[in-house]
2 protein chains.
Amino acid sequence: MSDAVDAVTAQWNRERPDIDVWPMGIVGRLSRLSILFERELKEFFARHGLERFEFDVLATLRRSGAPYELTAGALLKAAMVTSGAITNRIDRMEAKGLVERVRDGGDRRSVRIRLTPRGLEIVDGLVGPHVDNEARLLAALGPAERDQLAGLLRVLLESMGDTSLT
Amino acid sequence: MSDAVDAVTAQWNRERPDIDVWPMGIVGRLSRLSILFERELKEFFARHGLERFEFDVLATLRRSGAPYELTAGALLKAAMVTSGAITNRIDRMEAKGLVERVRDGGDRRSVRIRLTPRGLEIVDGLVGPHVDNEARLLAALGPAERDQLAGLLRVLLESMGDTSLT
DNA sequence: ATTGATAATCTCAACGTTGAGATGACACCA
DNA sequence: TGGTGTCATCTCAACGTTGAGATTATCAAT
């Protein structure tokens, strides 16, 4: 079988046989898959009345454990967005009652973002279905292939310096 | 070794041991890698005076072969963006003299976007270095691992229906 | 020929992100 | 205690994309 990227590399081989474009076989597929997955996830969360980024923030807070709060800085690192984006996201989620800003701590520069009872309830009810949905997207792979793929991606992520989030 | 996603799954296992979050090991890494790669590519093209999307359009036209022209529809499918985005991109690239719109064909609804001599020269000089740059990002993988990874990603891309571009 | 359905592109307002800079707070050293 | 550098967050204008609708063209059936 062949996919869209096979067509791309075949074209390059015909037009520029002097160049071995093998890296596109990985980078290109990674990029396209990421877009397609993102679309599916967006659709899934929309069906449950949530924006993609909202679940992302809720899940980051939830998995950090009680009392379910993190600084804005920790959230922006986890989401890989800029500080402006996180401020905006928290503003909107605070207005919807999903999280709240807490400012009592020792360092008054930092803000702690805390899950509200409503936010906790929503994320706890949705993690399971979300994982099931992701599993559906990966159904084409067998158990051994999943482990293999995860392992190869881990090697790359490490080589890019993507370690820890705290 | 471990990466940021290992930290995420470890947190979930502690907080919600009832849920097996293995799909995150793939979807999460794919997403993060895609963002990191995108940043690197953006930086690379900036060093060569190009926007990321500009190279994308130039390369799509170049690899289609002489006379290096495609419809706007073909370009938006290849780039996976909406029609509004492609119109905007072509507008700006036309203003910079990288491509030109040609409207003579049989179907007067469609517009053919053609590489200008300048656009052709730029893309032909940059494909090689671009591929080298991508290879650098993948240097952590050995030859056999690359093939394995490309193959696994192809399976997923096919299962998502991502075939052909024409 | 006329109608209706589909297709390809363009238009444009709404939206979210980026990136640079402002603000306020902390830490260290003199 | 004053000064300097760094840090965490917020502010905001610029920018690009989305998504819906408008426009113009083609095709099939009658």
Side-chain angles (χ1 to χ4, degrees), chain A residues 31-32 34-36 38-43 45-46 50-57 60-61 69-96 98-114 165-166, chain B residues 31-32 34-36 38-43 45-46 50-57 60-61 69-96 98-114 165-166:
Chain A
S31 166
R32 296 185 72 85
S34 179
I35 292 172
L36 294 173
E38 212 56 50
R39 285 182 188 164
E40 293 280 342
L41 296 190
K42 178 180 179 180
E43 209 176 306
F45 289 118
L50 272 190
E51 298 291 330
R52 171 88 179 83
F53 79 86
E54 291 176 324
F55 180 81
D56 220 57
V57 171
T60 304
L61 291 169
E69 56 181 43
L70 290 172
T71 62
L75 286 175
L76 72 85
K77 265 175 225 153
M80 301 183 101
V81 296
T82 59
S83 65
I86 274 296
T87 296
N88 182 20
R89 290 178 178 191
I90 295 169
D91 283 350
R92 282 178 289 161
M93 292 181 70
E94 194 168 28
K96 283 182 70 173
L98 298 173
V99 300
E100 53 187 349
R101 283 182 166 89
V102 188
R103 288 203 116 101
D104 55 324
D107 187 336
R108 257 174 303 178
R109 287 170 303 181
S110 75
V111 184
R112 295 210 308 274
I113 317 302
R114 181 193 294 161
L165 287 174
T166 332
Chain B
S31 168
R32 296 185 72 85
S34 181
I35 292 172
L36 292 173
E38 212 57 50
R39 285 181 187 164
E40 293 281 341
L41 296 188
K42 179 180 180 181
E43 208 176 306
F45 289 119
L50 273 189
E51 298 290 331
R52 171 89 179 84
F53 79 86
E54 290 176 323
F55 180 82
D56 219 57
V57 171
T60 304
L61 292 169
E69 55 180 47
L70 290 171
T71 62
L75 287 176
L76 73 84
K77 265 174 226 154
M80 302 182 101
V81 296
T82 59
S83 65
I86 274 296
T87 298
N88 181 20
R89 291 178 178 191
I90 295 169
D91 283 349
R92 283 178 289 162
M93 292 181 70
E94 194 168 29
K96 283 182 68 172
L98 297 173
V99 301
E100 54 187 349
R101 282 181 166 89
V102 188
R103 286 204 117 100
D104 55 324
D107 188 335
R108 257 173 304 178
R109 286 170 305 181
S110 75
V111 184
R112 295 210 308 274
I113 316 303
R114 182 193 293 160
L165 286 173
T166 333

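So that the names make sense, note that chain A is the first sequence line, chain B the second, and so on, each numbered from 1. Nothing here was measured: the structure is a model prediction, and the numbers come from that model.
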Nearest whole angstrom, please: distance from the [atom2] of [N] to the [atom1] of [X].
{"X": "Arg52(B)", "N": "dT17(D)", "atom1": "CZ", "atom2": "C1'", "value": "16 Å"}
{"X": "Lys77(B)", "N": "dT9(C)", "atom1": "NZ", "atom2": "C1'", "value": "13 Å"}
{"X": "Glu51(B)", "N": "dT18(C)", "atom1": "CD", "atom2": "P", "value": "15 Å"}
{"X": "Asp91(A)", "N": "dC15(C)", "atom1": "CG", "atom2": "P", "value": "15 Å"}
{"X": "Ile86(A)", "N": "dT11(D)", "atom1": "CD1", "atom2": "P", "value": "15 Å"}
{"X": "Leu75(A)", "N": "dA8(D)", "atom1": "CG", "atom2": "P", "value": "14 Å"}
{"X": "Asn88(B)", "N": "dA13(C)", "atom1": "CG", "atom2": "C1'", "value": "14 Å"}
{"X": "Leu76(A)", "N": "dT18(C)", "atom1": "CG", "atom2": "P", "value": "10 Å"}

Identify the pairs formed between an N or O of the protein and an N or O of nucleotides 23-29 of chain C at a distance under 3.5 Å, and give each distance.
from, atom 1, to, atom 2, distance (Å)
dC26(C), OP1, Gly106(A), O, 3.2
dC26(C), OP1, Arg108(A), N, 2.9

How long is the straight-line distance from [atom2] of [Y] back to [atom1] of [X], given to the nearest 0.5 Å?
{"X": "Glu94(A)", "Y": "Glu100(A)", "atom1": "CD", "atom2": "CD", "answer": "7.5 Å"}
{"X": "Ile113(A)", "Y": "Ile90(A)", "atom1": "CD1", "atom2": "CD1", "answer": "3.5 Å"}
{"X": "Asp56(B)", "Y": "Leu50(B)", "atom1": "CG", "atom2": "CG", "answer": "11.0 Å"}
{"X": "Phe53(A)", "Y": "Ile86(A)", "atom1": "CZ", "atom2": "CD1", "answer": "9.0 Å"}

Next item on the list: Could you give me the CA-CA distance, side-chain angles and deciding distance for Arg92(A) and Glu51(A), then say whether salt bridge (Lys or Arg N to Asp or Glu O under 4.0 Å) is met?
Entry: CA-CA 11 Å; Arg92(A) 282 178 289 161; Glu51(A) 298 291 330; over 6 Å; no
Would you mind telling me which of [options] lies closest to the side-chain atoms of [X]?
{"X": "Arg89(A)", "options": "dT17(D), dT11(C), dT17(C)", "answer": "dT17(C)"}
{"X": "Lys42(B)", "options": "dC10(C), dG19(C), dG19(D)", "answer": "dG19(C)"}
{"X": "Ser83(B)", "options": "dC10(D), dT11(C), dT18(C)", "answer": "dT11(C)"}
{"X": "Ala85(A)", "options": "dT18(C), dT17(D), dC10(D)", "answer": "dT18(C)"}

Item checked: Ser110(A) vs dA8(D): side-chain N/O to OP1/OP2 distance below 4.0 Å ->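 Indeed not, no polar side-chain atom of Ser110(A) lies that close.
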Notebook entry, point to check: Under 3.5 Å, side chain of Arg32(A) to main-chain N/O of Ala78(B), donor-acceptor pair present?
Noted result: yes
Check: DNA chain D: Arg92(B) or Gly73(A), which has the more 5' nearest nucleotide?
Finding: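 Between the two, 5'-proximity favours Gly73(A).
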Note to self: Quick check: on DNA chain D, is the nucleotide nearest Arg101(A) upstream (toward 5') of the one nearest Phe53(B), or the reverse? Name the residue that is more 5'.
What the structure shows: Arg101(A)
Check: Is the shortest distance from a Lys or Arg side-chain nitrogen in Arg101(A) or Asp91(A) to a carboxylate oxygen in the other one below 4.0 Å?
Finding: yes
